[in-house]
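Note on naming: letters A, B, ... go to the chains in the order of the sequence lines (proteins, then strands), and numbering restarts at 1 for each one. Heavy-atom basis, side chains included; hydrogens, waters and symmetry copies ignored.
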Amino acid sequence: MSVLVNKDSKIIVQGFTGTEGTFHAEQMISYGTNVVGGVTPGKGGQTHLNCPVFNTVAEAIKSTSANVSIIFVPPAFAADAIMEAADAGIKVIVCITEGIPVADMVVAKDYLSDKKCTLVGPNCPGIITPDEAKVGIMPGFIFKKGNIGVVSKSGTLTYEAADQVVKSGLGISTAIGIGGDPIIGTSTKQAVELLMDDPETEGIIMIGEIGGGMEAEAARWLKDNMRKPVVGFIAGQTAPAGRRMGHAGAIVGGAEDTAAAKMKIMEECGIHVVASPALIGEKMAEVLQTRASI
Amino acid sequence: MNIHEYQGKEILKSFGVKIQEGIVANTPAEAVAAAKKLQEDTGTDWVVIKAQIHAGGRGKGGGVKLAKNLEEVEQRATDIIGMQLITPQTGAEGKKVSKVLVAQDVYYPGANEPKEYYMGVLLDRTKQQNVIMYTTEGGMDIEEVAETHPEKIHKEWIDPAIGLQGFQMRKIAFNLGLSGVAFKEMCKFVKSLYAAYIGSDADMFEINPVLKSSDDQIIAVDAKVNIDDNALYRHKDYAAMRDESEEDPTEVEAKKHNLNYVKLDGNVGCMVNGAGLAMATMDIIKLSGGDPANFLDVGGSANAETVEAGFRLILKDPNVKAILINIFGGIVRCDRVAQGVVDAYKALGTIPVPVIVRLQGTNATEAKELMDKSGLEVTSVILLKEAAEAVEKAVS
């Protein structure tokens, strides 16, 4: 098991022949990910990285039975690419693109509401199930196979957490980078829920940041569904109000979306919250050990 | 992107929103000419001189003044242009005013008593839909209303598939207690305001106050307009409205190097790849007894050039007593970043504060070796925990 992607996933790359798409598709393939083709409108019929190129996602599915798509399309066309994937019947859509206009995402998100698919991102590092599939831009070698699930809004902070987990003697079941935009496909709660239901995952690391109410929503759900230990960290404890910290969604608007407020709610709901990002891995190991000794 | 009131109003007007008319002026003489023109065009007798800075609460700081004749226009404009305007949102040092908006007086006497409302349009991140937020308590600080009278704040969510509907406009106008001409005018106002929000790719509108004038017109008297930076590529005319003099000069400089920099008040500078890790690094600095002097995300391409630019930005701040570089190498190889640090050092000559370099991930060991052998006075570490300890030592 694992969540969202595994060795049986058939993956296509939208924006396949572009610079970003080419570079990361190569990395994914060399990791062992089952990339079955790609889409670049107008380049259908060509072969790229030994894989077929299609004009549309629908054609790609017809020829390859793809069920997962990763999107490297430029911001102006990315929301459209998401909707194309959903319309064609892709089950898991991972959108890496950063800088999509919010108005485009409001429409795309609404379009997806009655489709049977899961969108992860945009503005995210993707998803990795170690030794099975890397559908993202993360450095694969950091993610050693194991039983800890990771949910995070940030890229490099996810790598940091995974690295600490591995150094503390554990490993990763699936890591999901949900993205740092104001509108994203999979919320913290939805990602945590997937990992909670995954028999292979024994502990969950939940990494959030300032802005929005997703961590609080996840925490409140966890309060009644804590079947596995959850370690949490919120980045931006020192961020001033009203300033955007890199991610489009990382901005403190009101009292509820500060790091302190989120950490308090998370603690009250039974999450093991660490104040220092250097202690994420250690805390997870400690919590699992305590649990095992009871 | 933040823009001035006069620019925001221009955008609103272009979508048919009724605004308090005005003309922008850079000098007292221009203000007088503007007032004359405004008197001719709109028939206004008095005018209002409004400081144009990117901060709210201008009236409280003395940046908005009524002028009853042309002598007063000149006098008020002389007072306001060039002043260091301090408002609750500018911080103690205030902001220098370089232009004013000379605006018509919309509070003229008439059949009915003028009444002020508040209306905002923004994204509700929880519902993932746009929402129109409004209240009868206009002219006040909306956070204050939310605190003291939350029941007076109404919200109307907009379905992205079908857009704003007629019943929603009517609901808003009824909830504001309107009838007759004012009711119809409010429906029109809401319709054009939302069209402007969508059409301009805004990510925030705040119209405070929205005025019902004595002759039942509905007018935007102020306009705080934010445009979604990600959508500026399709609005070149709005992109040209950016006023860099309103932004921190170091932040403007950072943008030129494609670096994401936010100035803060602390004493430890930092340079990090990735926004989340950058925020986490700021937190580490705080937990280690320091205070972050900045947020700086160098993005996916940490090389000699970006590292050097980053150093230069951080060192502009005289409060910086130490610098922490925190790079988690994924696709970016740590040894190349380390080489970048070495090259940047050479290019800069000397760096007058202690530097802690934490490189982890791809080729981290090679990177540490390179740093250690470089002969530079840097503390090189691999674990985030070690970085925290090094910062603690540097600031104590």
Return the orientation label for the A/Phe143 and A/Tyr159 ring planes: parallel under 30°, perpendicular over 60°, tilted otherwise.
perpendicular
Heavy-atom contact with chain A under 4.5 Å, split by part of [X]:
X	value
B/Glu251	side chain
B/Ala280	both
B/Ile327	neither
B/Phe328	both
B/Asp297	neither
B/Asp159	side chain
B/Asn260	side chain
B/Ala388	neither
B/Asn273	both

Under 4.5 Å from any heavy atom of chain B, what part of [X] do you find: side chain, backbone, both or neither?
X	answer
A/Met105	neither
A/Glu98	neither
A/Ile183	both
A/Tyr111	neither
A/Leu279	side chain
A/Glu282	side chain
A/Ala76	both

Residue, of [options], that accumulates the most heavy atom pairs under 4.5 Å with chain A:
options	result
B/Val272, B/Thr281, B/Ile285, B/Thr362	B/Thr362
B/Lys286, B/Gln128, B/Arg234	B/Gln128
B/Pro160, B/Ala146, B/Gly274, B/Ala161	B/Pro160

Looking at [options], which one has more heavy-atom pairs under 4.5 Å with chain B than the rest?
options	answer
A/Gly246, A/Ala259, A/Gly208	A/Gly246
A/Val102, A/Leu157, A/Thr156	A/Thr156
A/Glu209, A/His247, A/Glu160, A/Lys109	A/Glu160
A/Ala278, A/Ala275, A/Ala250, A/Pro125	A/Ala278
A/Pro182, A/Ser154, A/Ala103, A/Ser113	A/Pro182
A/Ser187, A/Gly236, A/Pro139	A/Gly236

Within a strict 4.5 Å, meaning less than it, do heavy atoms of the [X] and [Y] side chains meet?
X	Y	answer
A/Asn123	A/Ile100	no
A/Lys189	A/Arg220	no
B/Asn230	A/Pro75	no
A/Tyr31	A/Pro130	yes
B/Thr306	B/Leu259	yes
A/Cys95	A/Leu119	yes
A/Asp257	B/Arg125	no

Does this structure show an ion pair linking B/Lys385 with B/Glu389, if we count only N-O contacts that are shorter than 4.0 Å?
no
Tell me whether [X] contacts the main-chain N or O of [Y] through its side chain, where contact means a donor paired with an acceptor under 3.5 Å.
X	Y	answer
A/Asp181	A/Gly249	no
B/Asp124	B/Lys127	yes
B/Asp283	A/Thr238	yes

Indicate whether any N or O donor in one side chain lies under 3.5 Å from an N or O acceptor in the other, for A/Asp163 and B/Gln360.
yes
Verify the distance criterion only: is there a donor paired with an acceptor across the side chains of B/Asn130 and B/Tyr194 at less than 3.5 Å?
yes
Could you go through B/Lys95 and B/Glu246, starting from their C-alpha distance and side-chain angles, then the distance that decides it, and tell me whether this counts as salt bridge (Lys or Arg N to Asp or Glu O under 4.0 Å)?
CA-CA 8 Å; B/Lys95 269 188 169 172; B/Glu246 286 287 328; 3.2 Å; yes
